[in-house]
Amino acid sequence: HGPFQVDENFTAPKGSLIIPSLVGACREGFPEPDRYDPDRMGPERQEDRKFSKNFLPYGAGPHRCVGYNYAIIHLTIYLALVAKNLEWERQITKESHKIIYLPTLYPADCLCKWQFREGRTVAK
């Protein structure tokens, strides 16, 4: 295999690791996607319905991930247990508002202090 033309402006050299941006795909269709606009989901505009297939982490339609519902339930239970049993505090630094784009998004720093709530311990 040789170089791969990604679009009309860029050709990736041979041997490059190409990671498609889900962030870019999720933004398509939404006017001003970086602006906070709760009205976009309102009954007049219904952008959440018009562009529902643009949010692609789990796919859409007949190609939707079979583990989607399991993942949502599993994450919901996990977050409930964390919220019930732990106290956490995010340490804010000058890097806190920067985002690292990998296959998923990460904060440039993720400094959290965790401790069990009073009277809580690790389940045995």
Side-chain angles (χ1 to χ4, degrees):
H1 298 279
F4 179 78
Q5 186 165 356
V6 176
D7 63 20
E8 61 275 351
N9 299 317
F10 182 74
T11 300
K14 179 181 179 175
S16 296
L17 174 63
I18 299 173
I19 301 172
S21 171
L22 290 179
V23 174
C26 293
R27 298 164 46 105
E28 288 183 18
F30 293 98
E32 299 183 74
D34 292 325
R35 186 171 66 86
Y36 176 69
D37 182 8
D39 292 334
R40 73 174 78 237
M41 310 311 178
E44 297 83 28
R45 291 167 48 194
Q46 296 186 357
E47 291 177 24
D48 56 329
R49 292 180 185 209
K50 287 182 197 173
F51 306 116
S52 65
K53 293 189 178 179
N54 291 10
F55 187 68
L56 297 175
Y58 287 103
H63 302 287
R64 186 174 188 175
C65 173
V66 296
Y68 172 80
N69 289 331
Y70 172 78
I72 295 298
I73 291 168
H74 193 299
L75 289 170
T76 302
I77 292 169
Y78 174 78
L79 290 173
L81 290 170
V82 167
K84 178 182 174 186
N85 294 307
L86 296 172
E87 300 254 356
W88 69 89
E89 179 182 332
R90 174 124 188 248
Q91 312 268 322
I92 304 297
T93 71
K94 64 181 181 175
E95 302 290 310
S96 293
H97 300 292
K98 293 181 183 175
I99 296 173
I100 298 172
Y101 295 94
L102 294 170
T104 56
L105 298 175
Y106 295 90
D109 68 350
C110 191
L111 305 172
C112 293
K113 185 169 71 174
W114 300 81
Q115 65 184 34
F116 282 99
R117 293 183 186 270
E118 190 172 322
R120 304 279 182 184
T121 60
V122 177
K124 294 181 181 181

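The shown structure was predicted, so the numbers you read here are calculated from the model rather than taken from an experiment. The figures here come from the full heavy-atom set of this structure, side chains too, leaving out hydrogens, waters and symmetry mates.
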If two hydrophobic side chains count as joined below 4.5 Å and joins carry through other members, does Leu79 share a cluster with Phe116?
-> yes
Would you please name every residue forming a salt bridge (Lys or Arg N to Asp or Glu O under 4.0 Å) with Glu32, sequence neighbours left out?
-> Arg35
Salt bridge (Lys or Arg N to Asp or Glu O under 4.0 Å) partners of Lys50, counting only residues at least two apart | none
Partners of Phe30 by ring pair (Phe, Tyr, Trp, His ring centres under 6.0 Å), sequence neighbours excluded?
-> Phe51
Residues passing the ring pair (Phe, Tyr, Trp, His ring centres under 6.0 Å) test with Tyr70, sequence neighbours excluded, are His74
Would you give the length of the straight line joining atom CD of Gln91 to atom SG of Cys112, rounded to the nearest 0.5 angstrom?
-> 8.0 Å
Value for CE (Met41) from CD (Glu47), rounded to nearest 0.5 Å, stands at 7.0 Å
Which residues pass the side chain to side chain contact (heavy atoms under 4.5 Å, CB included) test with [X], sequence neighbours left out?
X     : value
Pro43 : none
Asp7  : Asn9, Phe10
Asp34 : Arg27
Pro3  : Thr11

Spell out, as yes or no, whether a donor-acceptor pair under 3.5 Å connects the side chain of Arg40 to the backbone of Pro33.
-> no
Pairs where residues 72-82 contributes a residue and the test salt bridge (charged side-chain N to carboxylate O under 4.0 Å, His left out) is met, not counting sequence neighbours = none
Which residue pairs pass the salt bridge (charged side-chain N to carboxylate O under 4.0 Å, His left out) test when at least one of the two sits in residues 66-88, sequence neighbours left out?
-> Glu87-Arg117
Under 4.5 Å between any side-chain heavy atoms of Asp39 and Glu44, yes or no?
-> no
Could you work out the complete set of other residues in the hydrophobic cluster of Leu81, with links drawn between I, L, V, M, F, W and Y side chains under 4.5 Å apart?
-> Ile73, Ile77
Closest non-hydrogen atom pair between Gln5 and Glu8, with its separation = NE2-CA, 3.8 Å
So which pairs with a foot in residues 107-116 pass side chain to side chain donor-acceptor pair (under 3.5 Å), sequence neighbours left out?
-> Arg90-Asp109, Thr93-Asp109, Ser96-Asp109
